[in-house]
Number of protein chains: 2
Amino acid sequence: MRYSHNHKALTYQRILKEAAGLFRRDGIGATGLQPLMKSLGLTHGGFYAHFASKNELVEKALQQAACEVDGLCADIFSQPQPLHAFIDTYLSQWHVTSPHEGCPLPTMSAEMAQQGHASPTTDSVINARLGQIQNTLPGADAEEQSIMIFASLVGALVLARSTESDALREKILDVTRNTLKQSAE
Amino acid sequence: MRYSHNHKALTYQRILKEAAGLFRRDGIGATGLQPLMKSLGLTHGGFYAHFASKNELVEKALQQAACEVDGLCADIFSQPQPLHAFIDTYLSQWHVTSPHEGCPLPTMSAEMAQQGHASPTTDSVINARLGQIQNTLPGADAEEQSIMIFASLVGALVLARSTESDALREKILDVTRNTLKQSAE
DNA sequence: TGTACATCAGTGAACGCGCGTTCACTGATGTAC
DNA sequence: TGTACATCAGTGAACGCGCGTTCACTGATGTAC
């Protein structure tokens, strides 16, 4: 082989990682394969040595983003993260201004659904988040509570990212954060 | 003048209405001006007799969508709609499958924010919905409650539209609907 | 009433551009002898 | 150790296409005489 035995696998991962970021930050449709490959110092023709089509990349990038966020949500020792920490992270300034590193549901999955390319990965990402929240809840209605909490988090994040006024954005984040945390005691 | 004195104004409104629907259903980037004009039986060149650019249309279409939804939310006698009715409408099967007629926040505003084209209209749409909910609430913390309720609605709608599994979608909608309605007594 | 003219909403070809995709090619490498 | 060869990740020109935008134009109309 021309390069080290895992050179191609490394390039594949670099493409995946970059795409997962750009798709979430700029949108899938707004991210061209040409600029994507160029940002990695490669030419666009080589893309098809790694993926059959842009659609395949989109699917794989969603999985990649899901894994990144899974890792981000689990703490260092793979213990369930306390609920208040998850809430703080999900509604942080960082998450609002860093969609390229954040939850792919309000960005990639929403656009994929709009284009009629729903993916089972989306459901598994939703279920992963719900399960993660559920694990921190004691009661019998933990599943219902987890859905309410996560829907609030997603909605507040979407609204916060859409607002132009800093005051309105802060109010949405603060109120949602505080209400969720105090209702969880 | 060539046509009736308000012919141009009518065409303007037809473009606006069609765009407000397509932008919400397919996305702004995925909606071309050529297909848009063609779907009205017009040619694309005439577009610029009505709007200076696609960006101007986007801004005006967001306002149009906001007005449509305002009208949809207010009841016939312009009385505030009962909260439970608003919740039922926002989380209805109809709203999930008819983004072209629904709230422009999870569709247009989210994409506009992603593209760096935040609009004051978005903030006013958010404030309008919050105010509408607030009017149905008695307590002193009506503002906080309205934010929590609306964030939950937006999040549940975004998640429901993204899911592939009917069961998961129904569960998200049902749980959010029921929990919000019973917590509002 | 009949004719000439000015208006202007809408036409459609053309512009440069970036898109996703294809493909004949390159050239640095590991392998075989 | 030295040379010839096969491999194959990456190159870059080219494809047809649709995009947003421009512009010289058409032709049905209301108005003026």
Side-chain angles (χ1 to χ4, degrees), chain A residues 1-62 108 111-112 114-117 119, chain B residues 1-62 108 111-112 114-117 119:
Chain A
M1 298 161 203
R2 193 173 147 209
Y3 301 102
S4 61
H5 74 290
N6 61 345
H7 176 94
K8 191 178 180 183
L10 288 172
T11 302
Y12 178 92
Q13 286 301 326
R14 286 207 303 146
I15 296 173
L16 213 49
K17 181 124 207 313
E18 186 73 7
L22 293 177
F23 286 162
R24 280 177 286 180
R25 194 190 65 185
D26 302 334
I28 297 167
T31 299
L33 297 182
Q34 230 136 321
L36 167 68
M37 294 299 279
K38 196 168 192 178
S39 79
L40 296 170
L42 297 171
T43 50
H44 54 282
F47 173 82
Y48 293 91
H50 298 279
F51 301 93
S53 66
K54 186 180 182 181
N55 270 342
E56 187 190 316
L57 173 65
V58 169
E59 177 67 26
K60 295 280 172 42
L62 175 57
M108 290 192 67
E111 187 175 354
M112 288 168 75
Q114 213 171 23
Q115 305 303 320
H117 294 126
S119 156
Chain B
M1 300 161 204
R2 191 173 149 211
Y3 300 102
S4 60
H5 75 290
N6 62 346
H7 176 95
K8 190 178 181 183
L10 289 174
T11 302
Y12 179 92
Q13 287 300 328
R14 285 206 305 145
I15 296 173
L16 213 48
K17 182 124 207 311
E18 185 73 7
L22 293 177
F23 286 163
R24 279 177 287 178
R25 194 190 65 184
D26 301 335
I28 297 167
T31 300
L33 297 182
Q34 229 136 323
L36 167 68
M37 295 299 279
K38 195 167 192 177
S39 77
L40 296 170
L42 296 170
T43 50
H44 53 279
F47 173 81
Y48 293 91
H50 298 280
F51 301 93
S53 66
K54 185 179 181 181
N55 269 342
E56 187 190 317
L57 172 64
V58 168
E59 177 66 27
K60 295 280 171 43
L62 174 58
M108 290 192 68
E111 187 176 353
M112 288 168 76
Q114 213 172 23
Q115 306 303 322
H117 294 126
S119 156

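Everything numeric here is computed off the predicted structure, so don't read it as measured data. Residue numbers begin at 1 in each chain, while the letters A, B, ... track the order of the sequences. Excluded from the calculations below are hydrogen atoms, water molecules and symmetry mates; all remaining heavy atoms, backbone and side chain alike, are included.
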Figure out the [atom1]/[atom2] separation between [X] and [N], and round it to whole Å.
| X | N | atom1 | atom2 | answer |
| --- | --- | --- | --- | --- |
| B/M37 | C/dG10 | CE | P | 8 Å |
| A/Y48 | C/dG20 | OH | P | 7 Å |
| A/Q13 | D/dA9 | CD | P | 15 Å |
| B/Y12 | C/dG10 | OH | P | 14 Å |
| B/F47 | D/dC23 | CZ | P | 16 Å |
| A/L36 | C/dG18 | CG | P | 16 Å |
| A/K38 | C/dC19 | NZ | P | 10 Å |
| B/N6 | C/dC8 | CG | P | 15 Å |

Could I get the full list of salt bridge (charged side-chain N to carboxylate O under 4.0 Å, His left out) partners for B/K60, not counting sequence neighbours?
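Partners of B/K60 under the salt bridge (charged side-chain N to carboxylate O under 4.0 Å, His left out) test: B/E56.
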
Would you list the atom pairs, donor with acceptor, under 3.5 Å between side chains in residues 22-34 of chain A and any protein atom, with sequence neighbours excluded?
{"residue": "A/R24", "atom": "NE", "partner": "A/A20", "partner atom": "O", "Å": "2.7"}
{"residue": "A/R24", "atom": "NE", "partner": "A/H100", "partner atom": "O", "Å": "3.4"}
{"residue": "A/R24", "atom": "NH1", "partner": "A/G102", "partner atom": "O", "Å": "2.7"}
{"residue": "A/R24", "atom": "NH2", "partner": "A/E68", "partner atom": "OE1", "Å": "2.9"}
{"residue": "A/R24", "atom": "NH2", "partner": "A/H100", "partner atom": "O", "Å": "3.1"}
{"residue": "A/T31", "atom": "OG1", "partner": "A/L22", "partner atom": "O", "Å": "3.4"}
{"residue": "A/T31", "atom": "OG1", "partner": "A/G27", "partner atom": "O", "Å": "2.7"}

For residues B/H117 and B/E111, determine if any side-chain heavy atom of one lies less than 4.5 Å from a side-chain heavy atom of the other.
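No, every pair of side-chain atoms sits at 4.5 Å or beyond.
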
Validation: residues 35-44 of chain A side-chain donor-acceptor distances under 3.5 Å, sequence neighbours left out:
{"residue": "A/S39", "atom": "OG", "partner": "A/E18", "partner atom": "OE2", "Å": "3.1"}
{"residue": "A/S39", "atom": "OG", "partner": "A/L36", "partner atom": "O", "Å": "2.8"}

Could you list all N or O pairs between the protein and nucleotides 12-16 of chain C that sit under 3.5 Å apart?
{"residue": "C/dA13", "atom": "N6", "partner": "B/H44", "partner atom": "NE2", "Å": "3.3"}

Contact under 4.0 Å: B/S53 side-chain N or O vs D/dG20 OP1/OP2:
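B/S53 to D/dG20 OP1/OP2: no side-chain N or O under 4.0 Å.
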
Would you say D/dG10 has OP1 or OP2 under 4.0 Å from some side-chain N or O of A/H7?
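Yes.
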
Partners of A/F47 by ring-ring contact (aromatic ring centres under 6.0 Å, His included), sequence neighbours excluded?
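In terms of ring-ring contact (aromatic ring centres under 6.0 Å, His included), with neighbours along the sequence ignored, A/F47 is linked to A/F51.
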
Where are the stems of DNA chain D, defined as at least 3 consecutive Watson-Crick or wobble G-U pairs with both distances under 3.5 Å?
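Result, WC/G-U stems under 3.5 Å: C:2-33 with D:2-33.
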
Non-hydrogen atoms of B/S119 and B/L62 that approach each other most closely
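Closest approach of B/S119 to B/L62: OG-CD2, 4.0 Å.
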
Do any of residues 25-33 of chain B sit with a heavy atom less than 4.0 Å from DNA chain C, and if so which?
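Per residue number, the list is empty: none.
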
Closest listed nucleotide, where the reference is the side chain of [X] and the choices are [options]:
| X | options | result |
| --- | --- | --- |
| B/K54 | C/dG10, D/dG20, D/dT11 | D/dG20 |
| B/K8 | D/dG10, C/dT21, C/dA9 | C/dA9 |
| B/H50 | C/dC19, C/dG10, D/dT22 | C/dG10 |

Residues which pass side chain to side chain donor-acceptor pair (under 3.5 Å) with A/Q13, listed by chain and number, not counting sequence neighbours:
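A/Q13: no side chain to side chain donor-acceptor pair (under 3.5 Å) contacts found.
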
Contacts of A/T11 that satisfy side chain to side chain donor-acceptor pair (under 3.5 Å) - sequence neighbours left out
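Per chain and number, A/T11 pairs via side chain to side chain donor-acceptor pair (under 3.5 Å) with no residue.
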
Could you measure the distance from the CD atom of B/E59 to the CG atom of B/L57? Nearest 0.5 Å is fine.
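Atom-to-atom, B/E59:CD and B/L57:CG are 10.5 Å apart.
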
